[in-house]
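Letters go in sequence order (proteins before strands), and every chain restarts at 1. For clarity, every value in this text was computed on a predicted model and none was experimentally measured.
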Protein chains: 2
Amino acid sequence: QETAGSADANDPYSSDPRRHPALIVNSEKPYNAETPPSLLADSFVTPIELFFVRNHLPVPQVADLSKHQLRVEVQNGKKKGAVTLNVDDLKKKFKPTTVTSAVQCAGNRRAEMSKFKKVMGLSWRGTAISNAKWTGVRLRDVLIAAGVDPNDDTIKHVHFEGADIDPNGGNHYGASIPFSKAMSPEVLIAYEMNGEPLSVDHGYPLRVVVPGVVGARQVKWLTTIRTSEEESPSHWQQKDYRAFSPAYNVGDNVDPASAPAIQEGPVQSAFCVPAPGSIIDAKATEIDVAGYAWSGGGRGIVRVEVSTDDGATWHPTELEQAPDQTLDNMWAWTLWRAKIPLPANKRHHELVCKATDRSYNTQPETPAGIWNMRGLLNNSWHRVTIDVK
Amino acid sequence: QETAGSADANDPYSSDPRRHPALIVNSEKPYNAETPPSLLADSFVTPIELFFVRNHLPVPQVADLSKHQLRVEVQNGKKKGAVTLNVDDLKKKFKPTTVTSAVQCAGNRRAEMSKFKKVMGLSWRGTAISNAKWTGVRLRDVLIAAGVDPNDDTIKHVHFEGADIDPNGGNHYGASIPFSKAMSPEVLIAYEMNGEPLSVDHGYPLRVVVPGVVGARQVKWLTTIRTSEEESPSHWQQKDYRAFSPAYNVGDNVDPASAPAIQEGPVQSAFCVPAPGSIIDAKATEIDVAGYAWSGGGRGIVRVEVSTDDGATWHPTELEQAPDQTLDNMWAWTLWRAKIPLPANKRHHELVCKATDRSYNTQPETPAGIWNMRGLLNNSWHRVTIDVK
Ligand SMILES: [Mo]
Ligand SMILES: [Mo]
């Protein structure tokens, strides 16, 4: 693998891969970067090199693919067992499956929430989300082959661990999902995205893809799967990635148990076009808009609408959705676009968008009811101001 | 069955049952009535006689229970078959199951949406919702016994028909749910509520209980179940119970296909106490509040918060939830209560509540983004104004 710089034994990030220069970097070490909005709206399937990157730790390197092993530790009632598989075993023993699924960082649109009232965390704008065609094998098939009984009600969660390790603390990245979700047919142990092997930043050689769930649970550089009665003990499951009540402020001592570990996210939409601060000719009577929408749990997007008068009236948009997915099982995102009439005689326009999903949930107007100290899951109406010249 | 008046051959509603005088009536024929708010918040399980009533048609009477028949028409690949069961058959042949589940009318809180901007439909205030302990048999068990293969991917929907019939048009009430939901273990053909036989208004002798889905699909006086590749052809599935875009106004000619038939509803909460217009002593520094919350799809309520400053700050409330249900399978409602501090020196207080569910969806601040001509699924922040004297 080509790396970004020469190896430096003192820098655990020195063997991180090279990245596309168009990515908007929020943090170099660990590397976190989002997709330029105009490029994001261009492709229903995000090109691999433009897919947003959310790394918690240095990128682990796999020098010899044949040596990468996946350990699957399962229980069946009180019996415990484990099997070890390499990537070739997975490909030979299980049926390959492809699912188009969007991955969104739980911190997407944090910068806007922080403008409403300051929060902690990486200052993601609005494009810490991308959509890919993932190929791999079904997690359920692997669990069953390893000895899991699908009706075993002693199993409540399935844990994942990655090869990425904290250079200070020695802990691997980890997360878990509910057993019922792990047994759903859309959940994959993926080895390809968009028809190519996973890139190094996206988990080469193996990652979990959990459609309908936030990115933080879709563990990259997967080395271990474990059934359990409890959620993952990892920091990111137990302490982080929980959206606390707006009653708690930055610096408050919060009981993590006061909010559940995020799994599905709420309904979301945002503009990719126009860019904030764009200038439009005073004679223009309409404007092209485009963006993305998505909701957790496979709840398909029913509509996305745009307003130029703060929600008093709404304009429909045209939706692009995965042709093989229905409103009840929509793992991919929705891209939307429209030409919107502009009111006359204004110096500025504030454009607003909001989506409605299959459960008829919608986005809240502002962050007032959803603000949380960690700035997670901001899905308030997205607002873009443009100037008339 | 005791009826409300003497039978009148010219009035199809003359054999409707007597009802509890405390119910707040929105329509006499068909009978539609909601629960007084203060009584609703008193009981986690709503007493049968206070359970809100939503009838679309005259109540059908079952004179001889042994003659009530349930016809189950199923397909298995291209083979079709049908079985007929009476209530005794159901009780003898299948395992009884009890689920605590809230039923909410899709039109609940329509009156508030109509104040925002006029809509069509029964003027439900905020208590067209109740919670009961339903006992019956699993729909999946009955379908499988009738010949359905749980993995049959030609079956997309399951239809229900009631004995209630339109005196003008001759059509029975009908609805459908997706096949995947019909096969979920929480969906019942119920014959009891709160340990007693179903009351006449709630579907005696059989109704479908579809936890996590709006009331309109939970067909009462059940006579027919049918598997299908299509949704129910009934008026209420095809034309009604769809929340159209706010871009359409009352009187517009809307394509029903522009919005899907409502199944799961969005996250909801409302005050039961205090009543709007309550008067509070000028020296009071706090106030007791109580209400309900619920979300579709079994998404449990994570928190309900109350604000006295339009959402700038929030106060937590104490939640009462079904002890046998988890955040991932919460079919019952949540009751909540708190003592909230009141700001000093005000002539009026506007109290606001909003809930957050397990997918971290929340309620929108106002109906601006969710308004629809039929006034369905109003889940905007509930606001109650009280006066200081
Ligand atoms: Mo994330
Ligand atoms: Mo309803």
For B:Pro260, is it the side chain, the backbone, both or neither that has a heavy atom under 4.5 Å from a heavy atom of chain A? both
Let's test your reading of the structure: which of A:Val267, A:Leu327, A:Val213 forms the most heavy-atom pairs below 4.5 Å with chain B? A:Val267
What part of B:Ile262 gets closer than 4.5 Å to chain A, counting heavy atoms only: side chain, backbone, both or neither? both
Picking from A:Pro178, A:Pro246, A:Ala259, which has the most non-hydrogen pairs under 4.5 angstrom with chain B? A:Pro246
Chain A against chain B: donor-acceptor pairs under 3.5 Å:
unit_1: B:Ala243; atom_1: N; unit_2: A:Tyr360; atom_2: OH; d: 3.4
unit_1: B:Ala243; atom_1: O; unit_2: A:Arg303; atom_2: NH2; d: 2.5
unit_1: B:Ser245; atom_1: OG; unit_2: A:Glu305; atom_2: OE2; d: 2.2
unit_1: B:Pro260; atom_1: O; unit_2: A:Tyr360; atom_2: OH; d: 2.7
unit_1: B:Ala261; atom_1: O; unit_2: A:Arg358; atom_2: NH1; d: 3.1
unit_1: B:Ala261; atom_1: O; unit_2: A:Arg358; atom_2: NH2; d: 3.0
unit_1: B:Val267; atom_1: N; unit_2: A:Asn361; atom_2: OD1; d: 3.2
unit_1: B:Arg303; atom_1: NH2; unit_2: A:Ala243; atom_2: O; d: 2.4
unit_1: B:Glu305; atom_1: OE2; unit_2: A:Ser245; atom_2: OG; d: 2.2
unit_1: B:Trp314; atom_1: NE1; unit_2: A:Ala368; atom_2: O; d: 3.1
unit_1: B:Lys354; atom_1: NZ; unit_2: A:Gly369; atom_2: O; d: 2.7
unit_1: B:Arg358; atom_1: NH1; unit_2: A:Ala261; atom_2: O; d: 3.1
unit_1: B:Arg358; atom_1: NH2; unit_2: A:Ala261; atom_2: O; d: 2.9
unit_1: B:Tyr360; atom_1: OH; unit_2: A:Ala243; atom_2: N; d: 3.4
unit_1: B:Tyr360; atom_1: OH; unit_2: A:Pro260; atom_2: O; d: 2.7
unit_1: B:Asn361; atom_1: OD1; unit_2: A:Val267; atom_2: N; d: 3.2
unit_1: B:Glu365; atom_1: N; unit_2: A:Glu365; atom_2: OE1; d: 2.8
unit_1: B:Glu365; atom_1: OE1; unit_2: A:Glu365; atom_2: N; d: 2.7
unit_1: B:Glu365; atom_1: OE2; unit_2: A:Thr366; atom_2: N; d: 3.0
unit_1: B:Glu365; atom_1: OE2; unit_2: A:Thr366; atom_2: OG1; d: 2.7
unit_1: B:Thr366; atom_1: N; unit_2: A:Glu365; atom_2: OE2; d: 2.9
unit_1: B:Thr366; atom_1: OG1; unit_2: A:Glu365; atom_2: OE2; d: 2.6
unit_1: B:Ala368; atom_1: O; unit_2: A:Trp314; atom_2: NE1; d: 3.0
unit_1: B:Gly369; atom_1: O; unit_2: A:Lys354; atom_2: NZ; d: 2.7

